[in-house]
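Below: one structure, written as structure tokens.
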Protein chains: 2
Amino acid sequence: MNLSKKTDYALRALFTLVEHQGGAPIPIRELARRNEIPRRFLEQIMLQMRAKRWVKSVAGKRGGYLLAKRPEEITMGEVVRFFDGYLAPIACVSARRYERCSQETVCRFRRVLLEARNLIARLMEEATLARVMRGAPVAPSEIFTLQGRDGDGI
Amino acid sequence: MNLSKKTDYALRALFTLVEHQGGAPIPIRELARRNEIPRRFLEQIMLQMRAKRWVKSVAGKRGGYLLAKRPEEITMGEVVRFFDGYLAPIACVSARRYERCSQETVCRFRRVLLEARNLIARLMEEATLARVMRGAPVAPSEIFTLQGRDGDGI
DNA sequence: GTTAATCCCGAGCGCATAAGTCGGATATTC
DNA sequence: GAATATCCGACTTATGCGCTCGGGATTAAC
């Protein structure tokens, strides 16, 4: 999984909308300013998210965008999958872009990549906007005991 | 993390060399044939791995490549990092390509991405060629109880 | 009903990168 | 010295990401 700018921007905008739930619509201009996103580019992104029914728009003066679902109903995994197309690190272990590989039966490391994909998928699918916003762990704690490792740095 | 073809090919070649440890040098032609890799392209890759001292070459007729280290001493993480440059899904949580992001303190989801990065890093760093070859789990079992999830498909 | 702020939509563009090609030099064995 | 390898640098080509742009439709405020 590799986050594109588009997905990054989409998530930023979404979280801003979550923060302002119940309030007035937020115009793209404002979403762009607060998250340092090129306005015209964000426009496209918002349109796609509207088609997905994650957000709804109000046209005209005083218009803007609102969240269209509850923050519990949108996961980071969905967002990444929608914009980037997949979560897996390579096609042969992907649910979305799977394509048979002639080497599959011989491949020594496919198994490891599959494990990686499963971890990520699990993590991202647990990560609803609500949970992430709350700052709560997004997956069962036993995973996260692994975090701090020797000299990893950041 | 997203595996490039280059990294994929590099790993395939490495595992082939592991299988043939102690035997005669394997020429690129053969490595390419067995793993369905464009020969000229693999040439480049092998040269890079030679510079890294993961493999050594024997020039001339009957020449080819040999593993230069024990399979316990090379991890998939190293290989991915070398060819693709990083393991992290986004620069702001990467050890290698870290760059400060002005939104860092406000960013709601950075934390999740950091968790993802840590999981992957851990997994890939545990994955020595030897272990993967053996087919043994590459990381502590508690991680892998998470694997099979509802309707995930592949 | 005019103005101003907004969303909506399609098109296009430039650059970086991945993935692969190629020509030919150099080394080694038989 | 022919055959088989590696070695090296340069080149190519396609794709996609990350934007930018022009202009139309919609609505609120005055």
Side-chain angles (χ1 to χ4, degrees), chain A residues 1-13 17 23-33 35-68 80 82-86 89-91 97 101, chain B residues 1-13 17 23-33 35-68 80 82-86 89-91 97 101:
Chain A
M1 182 202 46
N2 222 342
L3 230 61
S4 64
K5 286 276 186 190
K6 209 166 188 175
T7 305
D8 183 6
Y9 293 159
L11 288 171
R12 294 191 201 185
L17 293 183
I26 308 184
I28 287 184
R29 177 182 259 79
E30 179 65 12
L31 289 171
R33 198 186 52 75
N35 298 291
E36 299 179 36
I37 305 171
R39 197 186 110 245
R40 277 338 248 287
F41 193 32
L42 181 57
E43 257 182 34
Q44 293 182 8
I45 296 169
M46 296 311 291
L47 282 181
Q48 292 186 71
M49 295 210 280
R50 176 171 171 268
K52 258 283 177 180
R53 307 288 175 104
W54 289 332
V55 301
K56 59 190 167 196
S57 62
V58 179
K61 200 167 179 177
R62 295 271 167 140
Y65 281 91
L66 297 166
L67 211 58
V80 175
F82 180 60
F83 286 108
D84 291 346
Y86 51 85
I90 197 172
R97 58 166 175 170
C101 166
Chain B
M1 181 201 49
N2 223 339
L3 230 61
S4 65
K5 287 274 186 191
K6 208 166 187 175
T7 304
D8 183 7
Y9 294 158
L11 287 171
R12 294 190 201 185
L17 292 183
I26 308 182
I28 288 182
R29 175 182 260 79
E30 180 65 12
L31 289 172
R33 197 186 53 74
N35 298 290
E36 299 179 35
I37 305 171
R39 197 186 110 245
R40 268 355 242 282
F41 193 32
L42 182 56
E43 255 181 36
Q44 292 183 11
I45 296 169
M46 296 311 291
L47 281 180
Q48 291 187 71
M49 294 210 281
R50 177 172 171 268
K52 259 282 177 183
R53 305 289 175 103
W54 289 333
V55 301
K56 57 191 167 194
S57 62
V58 179
K61 197 169 181 178
R62 294 275 166 138
Y65 282 90
L66 297 166
L67 211 58
V80 175
F82 180 61
F83 285 109
D84 291 346
Y86 51 85
I90 197 170
R97 56 166 174 168
C101 166

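In this text, all values refer to a predicted model and were calculated from it rather than measured experimentally. A, B, ... follow the sequence lines: proteins, then strands. Residue 1 opens every chain.
In the interface, the side chain of A/Arg40 is not paired with the base of D/dG18 through any donor and acceptor atom under 3.5 Å apart. Taking only distance into account, the side chain of A/Glu43 never meets the base of C/dC7 through a donor-acceptor pair shorter than 3.5 Å.
One interatomic measurement links the two molecules: CE of A/Met46 to C1' of C/dC9, which rounds to 16 Å at whole-angstrom precision. The nearest whole Å value for the distance from the CG atom in B/Leu47 to the C1' atom in C/dA27 is 14 Å. For B/Lys6 and C/dT17, the NZ to P distance is 13 Å, given to the nearest whole Å. Summarising the geometry, the separation between CE on A/Met49 and P on C/dC7 is reported as 13 Å, rounded to the nearest angstrom. Atom P of nucleotide D/dA14 and atom NZ of B/Lys5 are separated by 17 Å, given to the nearest angstrom. The nearest whole Å value for the distance from the CG atom in A/Asn2 to the C1' atom in D/dG18 is 15 Å. Distance B/Phe41 CZ to D/dG9 C1': 16 Å, rounded to the nearest Å. Counting to the nearest Å, the C1' atom of D/dT26 and the NZ atom of A/Lys56 are 18 Å from each other.
Annotation: salt bridge (charged side-chain N to carboxylate O under 4.0 Å, His left out) contacts of A/Arg62 (sequence neighbours excluded): none. When the side chain to side chain contact (heavy atoms under 4.5 Å, CB included) test is applied to B/Lys56, the partners found at least two apart in sequence or on another chain are B/Leu66, B/Ala68. Evaluation of the salt bridge (charged side-chain N to carboxylate O under 4.0 Å, His left out) rule for B/Arg97 yields no partner, not counting sequence neighbours. The side chain to side chain contact (heavy atoms under 4.5 Å, CB included) search around A/Lys61 returns none, not counting sequence neighbours. Take A/Arg29 and apply the salt bridge (charged side-chain N to carboxylate O under 4.0 Å, His left out) test, not counting sequence neighbours, and it matches no residue. Judged as a ring pair (Phe, Tyr, Trp, His ring centres under 6.0 Å), and not counting sequence neighbours, B/Phe83 has no contacts.
Between A/Ser57 and C/dT6 there is no side-chain N or O to OP1 or OP2 distance below 4.0 Å. Residue B/Arg50 places no side-chain N or O under 4.0 Å from the OP1 or OP2 atom of D/dT6.
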What pairs of donor and acceptor atoms, side-chain ones from residues 35-47 of chain B against any protein atom, are under 3.5 angstrom apart with sequence neighbours left out?
unit_1, atom_1, unit_2, atom_2, d
B/Asn35, OD1, B/Thr16, OG1, 3.4
B/Asn35, ND2, B/Thr16, OG1, 3.1
B/Asn35, ND2, B/Leu31, O, 2.9
B/Glu36, OE1, A/Ser102, OG, 2.9
B/Glu36, OE2, A/Ser102, OG, 2.8
B/Glu36, OE2, A/Gln103, NE2, 3.0

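When the nearest nucleotides of DNA chain D are assigned to A/Leu42 and A/Asp84 by heavy-atom distance, the more 5′-ward of the two goes with A/Asp84.
Here the closest heavy-atom approach between residue A/Lys52 and residue A/Phe82 is recorded as CE-CD1, 3.3 Å. The two atoms that bring B/Tyr86 and B/Val80 nearest to each other are O-CG1, 3.9 Å, heavy atoms only.
Counting any heavy atom pair closer than 4.0 Å across all strands shown, A/Tyr9 reaches sugar-phosphate atoms only and no base atom.
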Check nucleotides 11-16 of chain C against the protein and report each pair of N or O atoms closer than 3.5 Å, with its distance, or say if there are none.
unit_1, atom_1, unit_2, atom_2, d
C/dA11, N6, A/Gln44, NE2, 3.2

Under 3.5 Å, N/O pairs linking protein and nucleotides 2-5 of chain D:
unit_1, atom_1, unit_2, atom_2, d
D/dT4, O2, B/Lys61, N, 3.1
D/dA5, O4', B/Gly60, O, 3.1

